[in-house]
Amino acid sequence: MNSPNLTRILIDCSSTITCEFNSGIQRVVRSICQQAIERNGAISVTPICGRDEQFYPVQSLWPKKNNATDWVACVTSSGVAQLYRKTANFIFRRVPNKTLTKLLLPEQGHSGIFKLPKILITKLQKRYRKFQTKQQLAFQHIEIHRGDVILMADASWQLPNWDAIELARARGAIVGNLIYDLIPLTHPQFFQPELVDRFTRWFHRAAATGDFFLCISECVAEQMQSQLLRFGHTSASAKRICVSFPLGAELTQWTPKDVSPEVVTLFGTDRSANPHLVVGTLEPRKNHQFVLDAFETMWRAGSKERLCIAGRLGWNCESLVQRIRNHPEFNRLLFMNNLASDADIGFGYENAKSVIMASHTEGFGLPIVEALALGQTVLASDTPIHREVGRDQIHYFAIDSTSDSLIDAIQKLDSSDSVRLKQTRPHEPAAWSASFDAVVANIRNIVDQINRVEPFQSAA
């Protein structure tokens, strides 16, 4: 497809602007789009959202707060909810009734007795967001022209907008997809079948219609090429343009006053006695069970090492949540925070004894670079992506059998002169400004490549 010179880059963030949390994909999208908002370069870069067949400029990267929903989230994770669950469990063990149990005691990780008001609040919130969206989009849509590049930077498999994409392509725009990972294709066992099916359908259509693919790591870029060939997407477009760019490491700016009192108390002034920190959504791929196994082994041997797990409740995590909340060391040596803010995470990174990442697989692994950027010791599972991101600056452990390798890494922290493992060279984290520059530079080269139809050379 021949295209005129690049005139404008439009970055789709349709899903992120409706999310109240800021982890993983949302952190990347907001960081890149914030750079686009703050900077004024030679090429116009504008965050957009898609509705129906059109794209619209974005007014805010965050949804307006809904105090009622925040209140429900706080209550359902509080001691009140825990007390209710213990009481209900006690009753239903002695008076079993499947209907009442299902109604009044949903599976772990859900809302317990607060489920019914939460359903009502969620319905009201959907109506409010629909009204809010209409207000946000009560202005002129963006006219797409030749020379425009649309980067589908969000989790577009959640909100696919193929009508708008096809219309943009018909008007001469170049369309690219930002690829975070292909784990639902490569490791479907870690996801619900519905998500695997939805992601697979999205992949095939994105592969057939996308002009290029920006990936967040070299590992993902290689996987993308492999999957394109595996599924027969062997068109010239699919084969020729699939490159990576670096992600930034700095967290959103925060101050000590933003940190919750509970986190300040947990991560005290004595780093050697502070908990080890695990950051990530609670889901099977993150391998929290493995980390907990290691600490349980140490606790049985008399260790006083502490562990804090910080992350949203994800999918297939009911047994893990139940194991944590019912653990004899819960809130003594074992802690969990499902509502941690950026300030809480940043404070934890700075003051934890170490940051542990035991994932089976990742697209990148932001906690690694975020923790390294703050001078933290990182212990990570020995996987290709962690080797790419952490290089020789972190300690690796095996996850293929027992947890002995992780236990050994933890014990080495105490045997060293410092809590931190010695790094072979100072870590130089990428800034989100550099990440944004790499995105723009790669897109410039991609447009040139499409115009020249010559072998593509990455700008990263």
Side-chain angles (χ1 to χ4, degrees), residues 19-24 26-27 65 69-86 108-112 114 251-252 254-269 271 273-292 294-296 299 305-315 317-359 365-368 370-371 374 376 378-379:
C19 292
E20 295 179 351
F21 49 85
N22 194 41
S23 60
Q26 293 75 33
R27 189 184 301 283
K65 285 282 186 178
T69 301
D70 292 345
W71 176 82
V72 171
C74 290
V75 171
T76 56
S77 64
S78 68
V80 174
Q82 295 176 38
L83 178 61
Y84 164 76
R85 186 172 293 281
K86 288 182 179 179
Q108 279 283 351
H110 290 254
S111 307
F114 307 103
L251 285 167
T252 304
W254 56 272
T255 62
K257 67 179 180 62
D258 299 321
V259 183
S260 63
E262 296 80 9
V263 171
V264 172
T265 301
L266 182 60
F267 293 94
T269 56
R271 276 194 72 234
N274 282 348
H276 300 265
L277 178 63
V278 177
V279 176
T281 301
L282 275 65
E283 44 132 329
R285 176 174 59 89
K286 298 293 185 178
N287 213 12
H288 293 88
Q289 301 273 18
F290 179 90
V291 179
L292 190 49
F295 277 81
E296 282 186 340
W299 291 333
E305 297 284 353
R306 298 197 292 166
L307 172 66
C308 177
I309 295 173
R312 296 183 298 110
L313 298 180
W315 50 94
C317 66
E318 292 79 15
S319 62
L320 171 64
V321 174
Q322 185 173 11
R323 180 182 177 186
I324 293 171
R325 292 200 180 280
N326 294 336
H327 201 285
E329 300 297 348
F330 187 53
N331 286 335
R332 195 176 78 90
L333 297 178
L334 173 62
F335 306 87
M336 180 169 66
N337 186 342
N338 305 125
L339 297 172
S341 65
D342 278 3
D344 294 337
I345 296 298
F347 189 85
Y349 282 149
E350 287 187 343
N351 296 283
K353 189 169 184 179
S354 78
V355 170
I356 300 174
M357 195 162 186
S359 303
L366 271 177
I368 292 178
E370 290 174 344
L374 295 172
Q376 181 58 268
V378 178
L379 315 177

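- Between Arg323 and Glu296 there is a side-chain heavy-atom pair separated by less than 4.5 Å.
- Side-chain atoms of Asn274 come within 3.5 Å of backbone atoms of Gly268 as a donor-acceptor pair (strictly under, hydrogens ignored).
- Between Phe295 and His276 the shortest side-chain heavy-atom distance falls below 4.5 Å.
- Ser359 is not listed as a side-chain neighbour of Asn287, based on a closest heavy-atom distance of 4.5 Å or more.
- Contact annotation: the side chain of Leu292 approaches that of Leu334 to within less than 4.5 Å [non-hydrogen atoms, C-beta and beyond].
- Closest approach of His288 and Ile309 over heavy atoms only: CD2-CG2, 3.5 Å.
- Under the side chain to side chain contact (heavy atoms under 4.5 Å, CB included) criterion, Thr265 pairs with no residue, sequence neighbours left out.
- Side-chain contact between Asn338 and Leu282 is present, with heavy atoms from C-beta onward closer than 4.5 Å.
- Side-chain contact check for Arg27 versus Glu370: some heavy-atom pair is nearer than 4.5 Å.
- Taking 4.5 Å as the limit, some side-chain heavy atom of Leu333 sits within range of a side-chain heavy atom of Trp299.
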Stepwise side-chain contact (heavy atoms from CB on, under 4.5 Å) test for Arg325 and Met336: CA-CA 8 Å; Arg325 292 200 180 280; Met336 180 169 66; 3.7 Å; yes

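- Remark: side-chain polar atoms of Arg271 are paired, donor with acceptor, to backbone N or O of Ala352 under 3.5 angstrom.
- Using a 4.5 Å cut-off on side-chain heavy atoms (C-beta onward), Val264 and Leu266 make no contact.
- Shortest non-hydrogen contact noted between Gly346 and Leu374 is O-CD1, 4.0 Å.
- Within the structure, salt bridge (charged side-chain N to carboxylate O under 4.0 Å, His left out) pairs that include any residue of residues 329-338 comprise Glu329-Arg332 (at least two apart or interchain).
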